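Just so it is clear, the model here is predicted, and its values are computed rather than measured.
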Amino acid sequence: MFKSFTGFHLVEAYHKVRYEKRFHPNKVFNKTTQVLIVLFVTLLLWNLPTTAFGIEDLTVVQQRIIAIFAFATLMWLMEVVPSWATSVAIIGMMLLFTSDSGIKWMCNPEKVGDLLSYKGIMACFADPVIMLFIGGFILAIAATKTGLDAQLAKALLKPFGRKSDNVLLGFLLITGLFSMFVSNTATAAMMLTFLTPVFKQLPPEGKGRIAMALSIPVAANLGGMGTPIGTPPNTIALKYLNDPEGLNMGMGFGEWMMFMLPLVIVLLFISWYILKTLFPFSQKTVELKIEGGMKKNTQTYIVIVTFIVTVLLWLTDKLTGINSYTVALIPFVVFALTGIITKYDLEEINWSVIWMVAGGFALGYGLNASGLAANAVKSIPFGEFSPILILLLSGIICYALSNFISNSATAALLMPILAFVCGAMGDKLAAIGGTPTILIGVAVAASSAMVLPISTPPNALAYATNLVKQNDMAKIGLIVGIISMVLGYIMLYFIAKAGVL
């Protein structure tokens, strides 16, 4: 979905560097070693006696799911292959070795236990949350094709005037707003391109350039927390919160924004203060010059009206009775029928993210549908665990992993485990605000991880401008990340205790 975007050359360069780094000749030995480790651990878990796991009534199918889960964890952690490729492998392995459409001599239910439904596994790719993602991508593509994104950026930045500190605030707020509805990678690329003429006006010896360059990834990472479609960890959390066979909370788009949007706004203002304090401007005024604009034709007006109607329906889903997943398909229908979106535009949807998320959902489906989650709950005394310990560990583990691997992969690994751990703890979690505090907290922790250039694509794009040193990025990333997690968890605790969640 990036080809139409202003700043696509930055995204293209980023992916090229990632590819060359992954397949550099010096990496071949390391990759071979990693593959052997993954194979060894997976095959070991696959072939151990079922009694070795200490889980009561463990079946062979459940044991295979444990092995597949370990495979996914190691593959995602070490990034042996791209995250989406690992997700495709997860779905393929589950279909072949644990489903009622698997290899006949390996999937005899009398010998291996109850099999998973192949339809259930495949349905993970058509989960309502996936439809929510696609709706978000379609809106972004349509806005880009009509130039609506650039026009909005120009109009929204204009009120911030020429004062350097105010322009910095403008870039933070507008980037944060855009990343709530558009991929944070595409948002960062576009906003960094708009910053280019600003950089030229600022003196090279000043720190203002650093503040401007860092404002984009910080705002893109934080802004994603504001809506369910802002970043994959949010939608993954929403799935487990709304699962009819789980928490069944029925949380809507508007409800999510009701408590997360104020948090994002507060965090953006805090980030502004930190940036202008750590990296003060030596030049007090700058002139904003943004190229490009909106195409004035019928298609553009259709996009504007559809965008407004879609957002309003998302915000009023409880009033209208139309859930956010169904609303997400409305722009798809409108844009397809009016020719705004063509078959070529569909190729620009970020399918790798969708496959990544679907693989995580397949893992969760396997854990629950096979009965493995229920067996683990019976065998491991989760109810005796400290709620504070679960809260702290889930947040710290997610934050640590998300700084080094995809935050989508981290959420996909942690959410299904935490969902049944929290379920096993029952009312005991009321002391910290309940299960939503844990699951939404993990989504907050994932978006707060922005210490390294490799932590998020927006970080990598900002680092590629050569205006930011790694230690500057680490400094601001660590400070803002910790503040984000602390404020996020405090907010979740109080709104959960107040019965809002």
Side-chain angles (χ1 to χ4, degrees), residues 149 152-153 155-161 163-192 194-195 198 208 210-231 233-234 256-281 286 288 311 399 402 407 440-441 443-451 455-459 461-462 468 472-473 475-492 495:
D149 54 352
L152 274 173
L156 293 172
L157 282 167
K158 193 173 182 180
F160 292 93
K163 189 178 177 184
S164 300
D165 285 349
N166 292 349
V167 172
L168 174 65
L169 177 61
F171 272 98
L172 276 161
L173 294 178
I174 305 313
T175 303
L177 173 66
F178 272 57
S179 63
M180 291 180 195
F181 298 95
V182 179
S183 153
N184 59 14
T185 309
T187 298
M190 177 177 70
M191 298 305 287
L192 282 168
F194 293 158
L195 268 181
V198 177
I210 302 173
M212 286 290 193
L214 283 173
S215 70
I216 303 303
V218 168
N221 294 325
L222 293 176
M225 293 192 286
T227 67
I229 63 170
T231 183
N234 293 4
W256 181 285
M257 287 191 71
M258 182 175 65
F259 55 87
M260 293 302 285
L261 182 57
L263 174 65
V264 170
I265 293 171
V266 169
L267 289 172
L268 289 174
F269 273 97
I270 290 173
S271 302
W272 173 56
Y273 178 79
I274 294 169
L275 281 167
K276 71 189 185 78
T277 302
L278 292 179
F279 310 104
F281 288 91
V286 289
L288 274 178
V311 172
Y399 177 78
S402 294
N407 60 11
I440 301 175
V444 170
S447 292
S448 302
M450 56 181 99
V451 171
S455 297
T456 68
N459 277 24
L461 292 173
V468 180
D472 290 332
M473 182 171 284
K475 185 193 302 180
I476 193 72
L478 190 61
I479 295 170
V480 173
I482 290 174
I483 292 172
S484 170
M485 285 183 65
V486 170
L487 289 183
Y489 274 97
I490 290 172
M491 178 208 68
L492 288 170
I495 65 171

_Is the shortest side-chain heavy-atom distance between Ile483 and Ile274 below 4.5 Å?_
yes
*Could you tell me whether the side chain of Phe171 reaches within less than 4.5 Å of the side chain of Phe160, counting heavy atoms only?*
no
*Checking Ser447 side chain against Val444 main chain: does a donor-acceptor pair fall under 3.5 Å?*
no
*Would you call the rings of Trp272 and Phe269 parallel, tilted or perpendicular if under 30° counts as parallel and over 60° as perpendicular?*
perpendicular
*Output the distance between atom CG (Leu268) and atom CG (Leu263), rounded to the nearest 0.5 Å.*
9.5 Å
*asked:* Could you tell me if the side chain of Val264 sits less than 4.5 Å from the side chain of Met180, heavy atoms only?
replied: yes
*Can you see which heavy atom on Ser402 is nearest to which on Ala446, and at what distance?*
OG-CA, 3.7 Å
_I need the Leu192 CG to Met212 CE distance, nearest 0.5 Å._
12.0 Å
_Go through it in stages, so that I can follow the logic: the residues are Val182 and Met190, the test is side chain to side chain contact (heavy atoms under 4.5 Å, CB included), and I'd like the CA-CA distance, side-chain angles, deciding distance and then a yes or no._
CA-CA 11 Å; Val182 179; Met190 177 177 70; over 6 Å; no
*Do Met225 and Leu267 touch side chain to side chain, with heavy atoms closer than 4.5 Å?*
yes
*Mind checking whether Tyr399 and Val451 have side chains closer than 4.5 Å, heavy atoms only?*
yes
*Just wondering, do Leu487 and Met491 contact through their side chains at under 4.5 Å, heavy atoms?*
no
_Thr231 side chain to Asn234 side chain, donor-acceptor N/O pair below 3.5 angstrom_ = no
*Sidechain-backbone polar pair: Asn221 side chain, Pro217 backbone, donor-acceptor under 3.5 Å*: yes
*Spacing of CD1 belonging to Ile476 relative to OG belonging to Ser271, to within rounding of 0.5 Å*: 6.5 Å
_For the student: nearest non-hydrogen atoms of Val468 and Ala213, plus distance_ = CG2-CB, 3.5 Å
*Walk me through it: do Phe178 and Leu156 pass the test side chain to side chain contact (heavy atoms under 4.5 Å, CB included)?*
CA-CA 11 Å; Phe178 272 57; Leu156 293 172; 4.2 Å; yes
*Side-chain donor or acceptor of Thr187 paired with backbone N/O of Asn184 under 3.5 Å*: no
*Does some side-chain heavy atom of Leu168 sit less than 4.5 Å from a side-chain heavy atom of Phe279?*
no
_Between CE on residue Met450 and CD1 on residue Ile479, distance to nearest 0.5 Å_ = 11.5 Å
_To the closest 0.5 Å, what do you measure between CG (Leu169) and OG (Ser164)?_
12.5 Å
*Between CG of Leu214 and CG of Leu278, what distance do you get to the nearest 0.5 Å?*
9.5 Å
*Got a sec, which pairs hit side-chain hydrogen bond (donor to acceptor under 3.5 Å, both in side chains) with one end in residues 476-492, sequence neighbours left out?*
Ser448-Ser484
